[in-house]
Amino acid sequence: MVTYIKESYEELKNHVTLPSRAEASNLMVIVAVFSILFALATWGVDSLFAKLIQFYFNALIG
């Protein structure tokens, strides 16, 4: 386990670079857009299922 931690630290120290500010900004916009799209899709599916369940129980009850 200690060897794994040492190797991980060395990997981070020597081989990992941070993106530039412009690249980070572009990636942030992409993540925000896809997050919003996924939230809208989830809301749409949830609304559809809510209406289907309401229709089912209304038909079942009378």
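No experiment lies behind these values; they were computed from the predicted model shown.
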Between [atom1] on residue [X] and [atom2] on residue [Y], distance to nearest 0.5 Å:
X: Tyr4; Y: Glu11; atom1: OH; atom2: CD; result: 10.5 Å
X: Ser35; Y: Ile30; atom1: OG; atom2: CD1; result: 11.5 Å
X: Arg21; Y: Met28; atom1: CZ; atom2: CE; result: 10.5 Å
X: Glu23; Y: Leu18; atom1: CD; atom2: CG; result: 10.5 Å

Linking I/L/V/M/F/W/Y whenever any side-chain heavy atoms sit under 4.5 Å apart, do [X] and [Y] land together?
X: Val45; Y: Leu48; value: yes
X: Leu37; Y: Val29; value: yes
X: Leu60; Y: Ile53; value: yes

